[in-house]
Amino acid sequence: MSYARVLCVGLVGVTGHVVQVEADLAPGLPAVVISGLPDSALHEARDRVRAAIVNSGQRWPNRRITLNLLPATLPKFGSAFDLAIAAAVLGGSGELPLVALDGVAILGELGLDGTVRPVRGVLPMVAAAARAGIERVIVPVDNAAEAAVIPGLRVRAVDTLHRLVTYVRDGTPLAAPPPADPPAAPGGPDLAEVAGQGVGRRAVEVAAAGGHHLALLGPPGAGKTMLAERMPSILPELDDEAALEVTALHSIAGLLPPGGRLLRRPPFQAPHHSATVPALVGGGSGLARPGAVSLAHRGVLFLDEAPEFSKGALEALRQPLEAGRVQLARSHGGTEYPARSQLVLAANPCPCARPAGDASCECTPLVRRRYLGRLSGPLLDRIDVQVTLLPVRAAELMDAAVAPESSATVAARVAAARRAAAERWAGSGRRLNAEIPGPQLRQPPWRLPAADTRELRGRLDAGSLSARGFDRVIRMAWTIADLDGRARPDGEDVREAIQLRTGERV
């Protein structure tokens, strides 16, 4: 037999596609030709596969070998095809009967000694295989626990090419994936550690309950970073669909922790202010990797010292914040990653970052305006909640008699508010108030009475609030009502939403 075919899975962005690896061995000068839009890593597979086959005790066929990866119009990236290519070559040469691999998807990178090494993105790959009706997959040992997360699949693990050959030829069983580690106990920073800052705590709670973006402004030491780092602790655990999305993104980025568990806690990303545009929104040559905004999908993206980020990096976030996804265009094709994360910005009032009222601060009003002006108007217009924190007073810091609310207490209110919003918007396919289109909120039966929105409409007519800001205030009013357990917002809720939006007392 001079022809063989083995199934594999390719990955474009976060979407997997079943790929057929064909091998045709013909008489002629020995050579290996790979077609099907392979990248550089796949072009180099010919040398890796040859060395792995020879060092595994098998015979390399000295013939003209043509390898084709179907569909040929789909770009192929990475080294996950190595093991399938090796099996196809051995099958085409007659060294290996491939009946045992019929309907089986094979993933894995080969070392020169024949070891099977782990690859990135196994979770979305095996999920795509399951959607295509494939019931059995063979993956590297280090990826087995991750692959076993997908229900309905029979996963087997392989550590060497020789092990795969003995399984196909002699029926030697392959290893089953190890049992998943038990879920880790919830931990991390707690809101009870934040002294005072009633306005900041309320802003964080409203943002978490409705999925709103948040900006925390104020002097150093006021608690901006502490509040932002504790926001994930009051967010509900991810449901199955969201957990699969988040885990798949971390698998593609190679950041998935060992243990074979779905990531149930909302992710938290806090890139350094020197982060580039590709680091924030994704990029890279070949297959564009997800950036911080996608790795924070269904969680929190925290930009501390936000004015210190480059203007280009900050402005690149505008489209993902609005659309909830990142579209990366490349010459060989586009890649799309989900990016429905909550942005939290923290900023000091001036470059010197000295406490308010400190006589040593020499920053002029112009310098202060220019510093905060690095956060552009269009970007801030997309931030629902914008509050200024005042310095913590000594009485708040030292008073041990009044214990601040813990994250668990606040998380219970946030979860109840999210359930109320999910029930209300169930027919629209959306779950959070921040996701509801403005026109829907301005039409019956959700339109608020004119008396409750008089102040808001006045600000819109005066030009102090944009149409986008108008809609975002209405969304926050619904969130505030959900937190208070009421079916609809009233005028007081709208006024509090205006205050959280503008930082003013109304």
Side-chain angles (χ1 to χ4, degrees), residues 1-11 16-26 32-36 38 41-70 76 78-119 122 125-126 129 132 134-141 143-144 147 153-175:
M1 180 180 184
S2 62
Y3 172 84
R5 182 178 60 188
V6 177
L7 297 180
C8 191
V9 183
L11 202 61
H17 305 271
V18 174
V19 173
Q20 299 180 35
V21 179
E22 296 182 309
D24 179 77
L25 283 68
V32 179
V33 178
I34 302 178
S35 62
L42 255 176
H43 273 299
E44 296 168 352
R46 70 186 89 188
D47 300 316
R48 291 194 303 272
V49 170
R50 175 172 180 160
I53 288 178
V54 172
N55 291 327
S56 297
Q58 307 303 312
R59 186 174 62 86
W60 176 260
N62 288 320
R63 304 171 72 181
R64 179 177 177 81
I65 303 173
T66 302
L67 299 170
N68 185 39
L69 285 74
L70 296 174
K76 318 297 189 307
S79 56
F81 301 91
D82 287 4
L83 192 58
I85 290 175
V89 169
L90 291 175
S93 67
E95 292 287 317
L96 201 63
L98 297 182
V99 177
L101 297 182
D102 188 26
V104 180
I106 305 175
L107 302 170
E109 175 186 326
L110 285 173
L112 299 184
D113 59 351
T115 58
V116 179
R117 303 177 59 83
V119 294
V122 163
M125 288 180 184
V126 298
I134 295 174
E135 299 179 350
R136 295 185 295 160
V137 296
I138 296 176
V139 300
V141 168
N143 293 127
L153 275 180
R154 183 185 177 191
V155 179
R156 289 296 178 262
V158 64
D159 57 350
T160 64
L161 176 59
H162 178 71
R163 189 90 60 189
L164 178 67
V165 169
T166 56
Y167 162 72
V168 175
R169 183 178 291 159
D170 305 326
T172 305
L174 297 178

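Values in this document were obtained by computation on a predicted structure and should not be read as measured data.
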Work out which heavy atom in [X] is nearest to a heavy atom in [Y]; give both atom names and the distance.
{"X": "Arg63", "Y": "Ser2", "answer": "NH2-CB, 4.3 Å"}
{"X": "Leu161", "Y": "Val116", "answer": "N-CG2, 3.8 Å"}
{"X": "Gly92", "Y": "Ala4", "answer": "N-CB, 3.4 Å"}
{"X": "Arg46", "Y": "His43", "answer": "NE-O, 2.9 Å"}
{"X": "Pro140", "Y": "Gly108", "answer": "CG-CA, 3.7 Å"}
{"X": "Met125", "Y": "Leu11", "answer": "CE-CB, 4.1 Å"}

Quiz item: Should we count CZ of Arg136 as having more than 12 external heavy atoms under 6.0 Å?
Solution: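 Yes, CZ of Arg136 has more than 12 neighbouring heavy atoms, counting only those of other groups under 6.0 Å.
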
Inter-residue atom distance [X].[atom1] - [Y].[atom2], 0.5 Å rounding:
{"X": "Arg154", "Y": "Leu174", "atom1": "CZ", "atom2": "CG", "value": "9.0 Å"}
{"X": "Arg5", "Y": "Leu70", "atom1": "CZ", "atom2": "CG", "value": "8.5 Å"}
{"X": "Leu90", "Y": "Ile53", "atom1": "CG", "atom2": "CD1", "value": "4.0 Å"}
{"X": "Tyr167", "Y": "Leu101", "atom1": "OH", "atom2": "CG", "value": "6.5 Å"}
{"X": "Lys76", "Y": "Leu42", "atom1": "NZ", "atom2": "CG", "value": "8.5 Å"}

Quiz item: Under a 4.5 Å cut-off applied to non-hydrogen side-chain atoms, are Leu107 and Val137 in contact?
Solution: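 Leu107 vs Val137: side chains apart.
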
Quiz item: Is there side-chain contact between Pro61 and Val89, with at least one heavy-atom pair below 4.5 Å?
Solution: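 The answer is yes; the side chains approach within 4.5 Å.
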
Holding to side-chain contact (heavy atoms from CB on, under 4.5 Å), I want the full list of residues that pass it with [X], two or more places apart in sequence or in another chain.
{"X": "Val18", "value": "Leu7, Ala132, Ile134"}
{"X": "Ala147", "value": "Val122, Val126, Val139, Val155"}
{"X": "Ala26", "value": "Asp24"}

Those residues that, when tested against [X], pass side chain to side chain donor-acceptor pair (under 3.5 Å) (two or more places apart):
{"X": "Glu22", "result": "Tyr3, Asn68"}
{"X": "Glu135", "result": "none"}
{"X": "Asp159", "result": "Arg163"}
{"X": "Asp113", "result": "Thr115"}

Please tabulate, one pair per line, all N/O donor-acceptor pairs under 3.5 Å involving side-chain atoms of residues 78-87, not counting sequence neighbours.
residue : atom : partner : partner atom : Å
Ser79   : OG   : Glu109  : OE1          : 2.6
Asp82   : OD1  : Arg48   : NH2          : 3.0
Asp82   : OD2  : Arg48   : NE           : 2.7
Asp82   : OD2  : Arg48   : NH2          : 3.2
Asp82   : OD2  : Leu110  : N            : 3.2

Quiz item: Which pairs pass salt bridge (Lys or Arg N to Asp or Glu O under 4.0 Å) with one or both residues in residues 88-107, sequence neighbours excluded?
Solution: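 Pairs touching residues 88-107 that pass the test: Arg59-Glu95.
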
